[in-house]
Each structure stands twice: as structure tokens, then as C-alpha cells.
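Have a look at the structure below, then the notes.
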Amino acid sequence: MRDLVDGNAEPEISRESLTEYFGAAYPTIERFADRLREEGELRGLIGPREVPRIWDRHILNSAAVVPFLPETGLIADIGSGAGLPGVVIAAMRPGASVYLVEPMERRCAWLSEIATDLNLANIEVKRGRAEEYHGAFECDAVTSRAVAALDKLVRLSLPLVRPGGEMIVLKGRNVAREVEPARKVLRRLKGGEPEIVDAPTIPGVETTTVVRIVRQTGAR
Ligand SMILES: C[S@@+](CC[C@H](N)C(=O)[O-])C[C@H]1O[C@@H](n2cnc3c(N)ncnc32)[C@H](O)[C@@H]1O
């Protein structure tokens with residue numbers, strides 16, 4: 001697909017497998033990948049080493065969270081940054097409303113520009129830190145990727161989840177060791193037992209680790 005750079009190669013992923021995997025969302029996702037590749041480094045959104053690995057390390061890694069999300073309702077992605085996974089979610093879940101919560105002005109400007117360019121009317125960019133929105137809205141699901149350790153993430157995210165809804169986090173393989181330090185805040189905020197699952201996308205592409213935490217009903 002793209003050329004190889006210094007051994008930091010993107011695995012061969014055929015366009016056919018991508019179009020099959022993303023279905024109707026593919027043209028939107030492809031445009032997002034192109035813009036990230038062309039502008040991501042210049043605009044300080046991704047590092048130079050990431051440019052050749054946009055599809056597997058970023059787009060598909062983000063897409064791995066989508067099967068765990070509802071088709072409709074309200075989803076918030078906190079610390080969206082370049083739009084990962086929030087923009088990918090909005091493209092793949094057109095029936096849902098997606099809030100992208102991000103404190104940095106420059107990144108919010110990028111996210112708003114991308115939402116317009118990609119025609120993703122279901123995106124609303126919310127500038128600010130997640131904790132500033134506690135009490136302002138509650139979602140069916142709250143996602144995040146590369147924002148904080150699990151204990152802090154629970155503190156930031158769970159108050160934004162409606163009782164019965166879920167926090168769904170993209171994490172590294174070693175996330176199990178983050179569970180113990182998160183127990184106290186999980187108890188306080190009525191989070192259920194974290195479920196760690198392996199989330200595949202396209203065969204041949206590394207799977208992703210997803211952590212699911214339900215906000216127990218009766219919590220508030
Ligand atoms: C390492 S970046 C990850 C961006 C993106 N999720 C990704 O995977 O590429 C972390 C992002 O979280 C944002 N962030 C940090 N603290 C936050 C908070 N309390 N609430 C919301 N976003 C936060 C930062 O501004 C930054 O854009």
C-alpha cells in the first residue's frame with residue numbers, strides 16, 4: 001500500500017480488504033487517512049515515524065473499538081487529539097452522535113476542519129478537559145486512546161457515562177497491571193469489573209486490547 005520507511009513498515013494491507021472491512025465508511029476513512037498522512041506531522045498531530053503506519057497503527061487500531069459501540073445514541077471520545085478513535089467512530093457509526101472532547105485549541109481546530117471536510121455532521125467538538133463536562137452530559141459510551149493510566153481514565157470518563165452505559169478504552173497489552181490501582185476509584189464511581197478483550201480487525205493486522213467498564217445502574 002504505502003512505501004516502506006527505515007524498516008518501520010506498514011504491513012501490506014490490500015485496498016480490497018480495507019473496502020470490505022470499512023464498507024460504506026471507506027471513502028470517508030480513506031480521506032481521513034490521506035489528510036493525516038499529508039498534514040499530521042506538520043500540524044503536530046502525529047510523529048514522523050507514524051506517517052508510514054497510519055492504517056494499521058492508527059486507523060485500524062481505532063476501528064477495533066467500534067464493534068463494542070452502540071449503533072445510535074451519544075458517544076464521547078475524550079482526548080481525541082488527531083481524531084483517534086473519534087473520527088473513525090463517527091464515520092463507522094453514522095447513526096450515533098459523537099462528541100470529541102479535547103482541551104488543545106490547535107487540535108480542536110483540526111477536528112472541526114476534518115468534521116466539515118469529511119461531511120461528518122454527527123461530530124461535535126467540545127473544547128476542554130473531560131472533567132469540565134462532568135454533570136453537563138452523559139453518554140451511552142465514552143472512548144479513549146492514549147490519554148492516561150486506567151485509574152485516571154476512570155476518574156475522567158466514568159462520570160460522563162450514563163448508568164448502564166460503558167467506558168471503552170483502547171490500551172496496550174499490559175493493561176491488566178493498571179486494574180489494581182484503579183479499584184478504589186472504580187468502587188467510588190460505581191464502575192463494574194473491567195473486562196479486557198482482544199479486538200481484531202483485518203486478518204494479518206495486530207489485534208488491539210480493549211478494556212470495557214460498565215457504569216452500574218443506580219450509580220449517580
Ligand atoms: C497522547 S494524545 C492521544 C490523542 C489520540 N487519542 C490518539 O490516540 O492519537 C492525548 C490527548 O489527550 C488530551 N487530554 C489530556 N488530558 C485530557 C483531559 N483531562 N480531558 C480530555 N483530553 C485530555 C491531550 O490534549 C491530547 O490531545
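Each ligand, and each atom within it, is numbered from 1 in the order the structure gives. Residues: numbered from 1 along the sequence shown. Values below: all heavy atoms of this structure, side chains included; hydrogens, waters and symmetry mates excluded.
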Interatomic distance, [X] atom [atom1] to [Y] atom [atom2] [nearest 0.5 angstrom]:
X	Y	atom1	atom2	answer
I114	S80	CD1	OG	12.0 Å
L150	S144	CG	OG	8.5 Å
L74	E124	CG	CD	9.0 Å

Can you pull out the closest protein heavy atom to [atom]? Residue, atom name and distance to 0.1 Å, please.
atom	result
atom 16 (N) of ligand 1	R129 NH2, 3.7 Å
atom 2 (S) of ligand 1	A146 O, 3.7 Å
atom 7 (C) of ligand 1	R145 NH1, 3.3 Å
atom 20 (N) of ligand 1	A130 N, 2.9 Å
atom 19 (N) of ligand 1	E131 OE1, 3.0 Å
atom 26 (C) of ligand 1	R107 NH1, 3.1 Å
atom 23 (C) of ligand 1	P103 CD, 3.6 Å
atom 25 (O) of ligand 1	E102 OE2, 2.7 Å

(message) Between D198 (side chain only) and T209 (backbone N and O only), is there a donor and an acceptor less than 3.5 Å apart?
(response)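 Between the backbone of T209 and the side chain of D198 there is no qualifying donor-acceptor contact (under 3.5 Å).
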(request) Go through ligand 1 atom by atom and flag the ones less than 4.0 Å from a non-hydrogen atom of G81. (result)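 Ligand 1 atoms under the 4.0 Å threshold to G81: 4 (C), 27 (O).
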(message) Taking 4.0 angstrom as the limit and counting only heavy atoms of L156, give me the atoms of ligand 1 inside it, by number and element.
(response)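 It comes down to these atoms of ligand 1: 19 (N).
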(message) Testing the 3.5 Å rule here: is there a donor-acceptor pair between the side chains of R145 and N61?
(response)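 Per modelled atom types, R145 and N61 side chains form a pair under 3.5 Å.
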(request) Salt-bridge test for E50 and R53: reply yes if a basic N is under 4.0 Å from a carboxylate O, no otherwise. (result)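 Salt bridge absent between E50 and R53.
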(message) Ring-plane angle category for F22 and W55, please: parallel below 30°, perpendicular beyond 60°, tilted otherwise.
(response)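 The arrangement is tilted - the two ring planes meet at 30° to 60°.
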(request) Measure the shortest side-chain to side-chain distance between L158 and L160 over non-hydrogen atoms and say whether it is less than 4.5 angstrom. (result)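 They are not in contact (no side-chain heavy atoms under 4.5 Å apart), so the answer is no.
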(message) Nearest non-hydrogen contact with atom 15 (C) of ligand 1 belongs to which option: V147, N61, L170?
(response)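 That would be V147.
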(message) Please classify the H58 to ligand 1 contact at 4.0 Å (heavy-atom distances, strictly less than): side chain, backbone, both or neither.
(response)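 Contact part for H58 vs ligand 1: neither.
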(request) Could you tell me if any non-hydrogen atom of A82 lies under 4.0 Å from any atom of ligand 1? (result)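 The answer is no: ligand 1 sits nowhere under 4.0 Å from a heavy atom of A82.
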(request) For atom CD of E206, decide whether the heavy atoms of other residues, nucleotides or ligands shown that lie under 6.0 angstrom number more than 12. (result)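 Atom CD in E206 is not crowded, with 12 or fewer foreign heavy atoms closer than 6.0 Å.
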(message) Under 3.5 Å between any N/O of G79 and any N/O of ligand 1: does that happen in this structure?
(response)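 N/O-N/O distance below 3.5 Å exists for this pair.
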